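When a residue number appears, it is its place in the shown sequence, counting from 1. No hydrogens, no waters, no symmetry mates; every other heavy atom, side chains included, goes into these values. Not measured: the values here are computed from a predicted model.
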Amino acid sequence: MNSNRLYEMSPQELTQAMLHALVYHYEQARTATIAERNRHLRQARELLAKLHQGLHDGGGIISAQLDELYLYMAKSSLEALIEQDMDKIEELHGLASELDKTWGEAIENARLQPVPAGGNRYENYQ
């Protein structure tokens with residue numbers, strides 16, 4: 001992926017790309033040397049910080065739940081790094097994979113939804 005593509009992405013696509021990268025780093029951390037594992041876990045934490053910063057304050061329950069999940073994963077990544085806990089890395093890989101899959105399904109479902117024509121957002125709820 002080139003840098004121009006990043007600027008052309010929608011916020012949803014950018015989130016998807018970061019979730020793919022998160023899965024990649026946890027996957028690599030499972031089999032890497034200690035030094036490489038630590039690097040991948042640090043990069044995963046940096047991605048989680050960026051995902052956390054991208055949450056919308058008015059995003060409702062989903063945003064609040066993602067906030068809690070990102071914080072849990074960042075804390076667990078640090079614990080896995082300090083303790084070299086492979087079980088924790090497996091758990092984080094599973095959580096990231098599930099989140100990535102769910103986000104991809106949500107984007108696909110949003111693409112299939114018809115875009116309401118005209119009216120205002122309150123009229124379109126009927």
Side-chain angles (χ1 to χ4, degrees):
M1 178 184 319
N2 63 39
S3 60
N4 287 339
R5 175 68 182 117
L6 284 175
Y7 291 108
E8 296 169 357
M9 288 180 160
S10 69
Q12 295 81 10
E13 291 171 326
L14 192 55
T15 298
Q16 181 82 73
M18 289 196 295
L19 290 172
H20 286 326
L22 190 61
V23 171
Y24 168 80
H25 287 297
Y26 285 131
E27 190 170 303
Q28 294 300 307
R30 295 187 315 178
T31 58
T33 62
I34 291 175
E36 284 296 306
R37 180 179 312 129
N38 291 346
R39 185 179 65 80
H40 287 292
L41 290 172
R42 281 194 305 272
Q43 288 178 321
R45 280 184 45 102
E46 290 172 13
L47 282 167
L48 288 164
K50 290 176 182 166
L51 287 164
H52 184 262
Q53 291 168 353
L55 290 175
H56 192 276
D57 287 340
I61 188 87
I62 294 174
S63 181
Q65 290 174 340
L66 285 172
D67 182 45
E68 290 295 320
L69 181 60
Y70 293 155
L71 290 175
Y72 171 78
M73 292 175 74
K75 179 180 169 258
S76 293
S77 294
L78 182 59
E79 290 171 356
L81 190 147
I82 292 170
E83 300 164 5
Q84 294 298 305
D85 186 338
M86 298 307 291
D87 291 337
K88 200 160 280 208
I89 293 170
E90 283 296 326
E91 177 194 7
L92 289 165
H93 180 259
L95 288 171
S97 297
E98 190 63 34
L99 188 56
D100 184 32
K101 178 183 164 203
T102 303
W103 189 264
E105 290 171 358
I107 287 178
E108 192 58 35
N109 287 340
R111 284 187 187 131
L112 298 175
Q113 295 288 325
V115 177
N120 65 40
R121 65 182 180 171
Y122 300 108
E123 292 171 342
N124 293 331
Y125 277 111
Q126 297 175 6

request  = Check whether more than 12 heavy atoms from other residues, nucleotides or ligands sit under 6.0 Å from atom CG of L78, and answer yes or no.
outcome  = yes

request  = For E27 and H93, indicate whether the former's side chain and the latter's backbone hold a donor-acceptor pair under 3.5 Å.
outcome  =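 It does not hold such a pair.
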
query = Can any side-chain N or O of E13 pair as donor or acceptor with the backbone N or O of S10 at less than 3.5 Å?
reply =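 Yes.
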
ask   = Parallel, tilted or perpendicular: which fits the ring planes of Y24 and H40, with parallel below 30° and perpendicular above 60°?
value = perpendicular

Determine all donor-acceptor pairs shorter than 3.5 Å in which one atom belongs to a side chain in residues 81-88; sequence neighbours excluded.
from	atom 1	to	atom 2	distance (Å)
Q84	OE1	R37	NH1	2.5
Q84	NE2	N38	OD1	2.7
Q84	NE2	L81	O	2.8
D85	OD1	D87	N	3.0
D85	OD1	K88	N	3.1
K88	NZ	E79	OE1	2.7

query = Are M9 and L22 co-members of a hydrophobic cluster defined by side-chain heavy atoms under 4.5 Å apart?
reply =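 No; tracing contacts between hydrophobic side chains, which count when under 4.5 Å, never links both residues.
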
task = Quick one: pull up CD1 in I107 and OG1 in T102 and give me the separation to the nearest 0.5 Å.
result = 11.5 Å

ask   = What is the distance from atom CD1 of I89 to atom CZ of R30, rounded to the nearest 0.5 Å?
value =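 Interatomic distance, I89 CD1 to R30 CZ, rounded to 0.5 Å: 10.0 Å.
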
ask   = Knowing that exactly one of E46, R45, R39 qualifies, which makes a side-chain hydrogen bond (donor to acceptor under 3.5 Å, both in side chains) with Q43?
value = R39

Atom of [X], atom of [Y] and distance for their closest heavy-atom approach:
X	Y	answer
H20	D100	ND1-OD2, 2.9 Å
G104	Q16	CA-OE1, 3.0 Å
L41	A80	CD1-C, 4.0 Å

key: With Y70 via side-chain contact (heavy atoms from CB on, under 4.5 Å) - residues at least two apart   =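 Here the qualifying residues are L48, L51, H52, L55, L66, L99.
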
